[in-house]
Amino acid sequence: MNIHRGPCRKEHDDHMPETSISSTLERIKKKTGACILAHYYQIPEIQEAADYVGDSFALSKLASELPNKLIVFCGVDFMAESAKLLSPDKTVLLPVSSAGCPMANMAGAEDVKKLMEKYPDAAVVSYVNSTTEVKALSHICCTSSNALKVIRSLPHKRIIFIPDKNLGAYAAEKIPEKEFVLFDGYCPPHEEVMEIDVKLARDKHPEALLLVHPECRREVRDRADFTGSTAQIIKYASQSDSSSFIIGTEEGILHPLKKENPGKEFHMLTGSFICHNMKKTTINDLISSLENMQYKIEIDAFLAKAARRPLERMLQVL
Ligand code: 13P
Ligand code: SF4
């Protein structure tokens with residue numbers, strides 16, 4: 001599991017001097033016993049303030065293993081919800097309540113029920129980037145780093161994959177022995193990237209390797225040197241003998257890539273590869289979240305019980 005541990009550092013903020021931010025955070029963390037988790041797409045200041053930085057799989061697993069009773073999840077809602085589902089006795093805070101994932105909200109419980117009626121023999125595999133209601137109807141969850149392993153572990157021949165059609169299509173290419181029913185959801189920032197963007201980036205940086213996230217379209221994945229989750233992209237770039245890379249995922253990943261590989265060059269595949277929801281959380285939001293214990297993730301106990309099962313099944317897949 002790829003997790004980056006980072007001590008709280010002094011960073012700039014519009015409203016507070018850097019020493020004050022750093023000491024304020026340290027003081028509240030000590031007082032509350034909180035652990036701060038941040039996804040690789042968060043702004044660099046948040047990644048530096050976090051105790052752990054990782055991809056969605058590593059962070060949700062870690063949240064359940066940590067001794068801390070208070071977790072602050074700097075990411076988007078489905079990540080904090082997954083952490084709460086796996087750690088029902090902990091308090092999980094999402095610093096910005098409107099930080100959601102547009103792709104997760106594309107699939108509703110009714111859509112899943114209709115597909116289940118149409119294909120009663122199929123296993124429902126939901127990407128963790130889904131609502132709690134959708135998880136509650138699923139056999140098992142997966143993330144972009146373990147989707148292939150999770151699907152291969154199932155005895156079912158037919159797989160209903162929800163909600164990302166691109167990650168689903170990637171899994172279908174890699175696991176041709178199974179039949180896939182794909183929901184028509186997508187991640188807007190990844191879906192926007194086209195074959196022409198690959199051509200332009202390759203022309204500009206002919207020596208660079210192209211590393212992309214499986215949420216990209218097939219026309220982009222087919223032209224990549226490597227496809228993997230955020231953690232897998234970082235691992236690949238760090239272990240590669242190459243020194244130049246074109247990055248096909250959200251630009252927040254540049255921070256850990258450059259930090260781990262000071263001698264290597266990273267170029268974004270497009271100039272605007274940004275998830276605006278991931279960029280909503282500022283240092284002020286993080287401090288305010290800890291000071292005011294906001295925004296607590298609360299999930300109805302009956303729903304939580306059903307949604308926890310597919311997440312736990314995912315964690316059992318080795
Ligand atoms: P990871 O599974 O790589 O963390 O990606 C999560 C995500 O939201 C990608 O858009
Ligand atoms: Fe959702 Fe895409 Fe943002 Fe990830 S990058 S949180 S999938 S909108």
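The model shown is predicted, which means the values in this text are computed figures rather than measured ones.
Formation of a donor-acceptor pair under 3.5 Å by the Asp55 side chain with backbone atoms of Thr230 is not found in this model. The backbone N or O of His255 lies less than 3.5 Å from no partner atom in the side chain of Glu260, so there is not a single donor-acceptor pair. Remark: the backbone N or O of Lys90 is paired with a side-chain donor or acceptor of Lys84 at under 3.5 angstrom. For Gln294 (side chain) and Leu93 (main-chain N/O), no donor-acceptor pair under 3.5 Å exists by modelled atom type. Counting only distance, with no hydrogens or angles, the side chain of Asp111 and the backbone of Gly108 share a donor-acceptor pair below 3.5 Å. In this structure a side-chain-to-backbone donor-acceptor pair under 3.5 Å is present from Gln42 to Met278. Within the 3.5 Å criterion, the main-chain N or O of Val128 finds a donor-acceptor partner in the side chain of Lys135.
Here the options are Lys157, His156, Arg158, the test is side-chain hydrogen bond (donor to acceptor under 3.5 Å, both in side chains), and the partner is Asp121; only Arg158 passes. Tested against Ser289, the residues Leu94, Val72, Asn284 include a single side chain to side chain contact (heavy atoms under 4.5 Å, CB included) partner, Val72. No option in Val181, Val134, Leu137, Ile162 other than Ile162 meets the side chain to side chain contact (heavy atoms under 4.5 Å, CB included) test with Val124.
Contact between Leu148 and Ala171 at its shortest, heavy atoms only, is CD2-CA, 3.6 Å. Shortest non-hydrogen contact noted between Leu59 and Gly54 is CD1-O, 3.5 Å.
Side chains of Ser60 and Ser82: a donor-acceptor N/O pair is absent below 3.5 angstrom, by distance only. Looking only at atom types and distance, the side chain of Asp285 has no donor-acceptor partner in the side chain of Ser288 under 3.5 Å away. Between the side chains of Tyr127 and Glu215, at least one donor N or O lies within less than 3.5 Å of an accepting N or O. Side-chain contact, Thr270 with Ser272: no donor N or O sits under 3.5 Å from an acceptor N or O. For Asn261 and Ser238, the side-chain atoms include at least one donor-acceptor pair closer than 3.5 Å. A donor and an acceptor atom, one from each side chain of Glu207 and Ser244, are located under 3.5 Å apart. If you check the side chains of Ser98 and Lys280, you find a donor sitting under 3.5 Å from an acceptor.
The structure places CG of Asp225 at 8.0 Å from OG of Ser242, a figure rounded to the nearest 0.5 Å. The distance from the OG atom of Ser126 to the NE2 atom of His139 is 11.0 Å, given to the nearest 0.5 Å. Atom CD1 of Ile247 is separated from atom NE2 of His267 by 9.5 Å, given to the nearest 0.5 angstrom. Rounding to the nearest 0.5 Å places CG of Asp197 at 6.0 Å from CG of Leu269. The distance from atom CG of Leu290 to atom CG of Leu70, rounded to the nearest 0.5 Å, is 6.5 Å. Atom CZ of Arg221 sits about 12.5 Å away from atom CG of Leu210, to the nearest 0.5 Å.
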Next item on the list: Check the pair Phe266 / Phe245 against ring-ring contact (aromatic ring centres under 6.0 Å, His included), numbers first and verdict last.
Entry: CA-CA 5 Å; Phe266 298 96; Phe245 303 90; 5.5 Å; yes
Next item on the list: Just do the side-chain contact (heavy atoms from CB on, under 4.5 Å) check on Ile196 and Leu200 with the steps written out, would you?
Entry: CA-CA 6 Å; Ile196 181 69; Leu200 293 172; 4.2 Å; yes
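Using a 4.5 Å heavy-atom threshold, the side chains of Ser144 and His213 count as touching. Using a 4.5 Å heavy-atom cutoff, the side chains of Cys35 and Tyr52 are in contact. Between Thr24 and Ile28 the shortest side-chain heavy-atom distance falls below 4.5 Å. Put simply, the side chain of Arg217 does not reach to within 4.5 Å of the side chain of Lys165, judged on heavy atoms. In this structure, the side chains of Ile160 and Phe183 stay at 4.5 Å or more apart for every pair of heavy atoms. The side-chain heavy atoms of Cys216 and Asn166, taken from C-beta on, include no pair separated by under 4.5 Å.
For the pair Lys259 and Glu48, the salt-bridge criterion is met [side-chain N within less than 4.0 Å of a carboxylate O]. Glu65 has a carboxylate O that lies under 4.0 Å from a charged side-chain N of Lys61, or vice versa, which qualifies the two as a salt bridge.
The environment of Tyr170 atom OH is dense: over 12 non-hydrogen atoms of other residues, nucleotides or ligands sit within 6.0 angstrom.
Aromatic ring orientation, His190 versus Tyr41: tilted (interplanar angle from 30° to 60°).
Taking the six-membered ring for Trp and the full ring otherwise, Tyr236 and Phe226 have centroids separated by under 6.0 Å.
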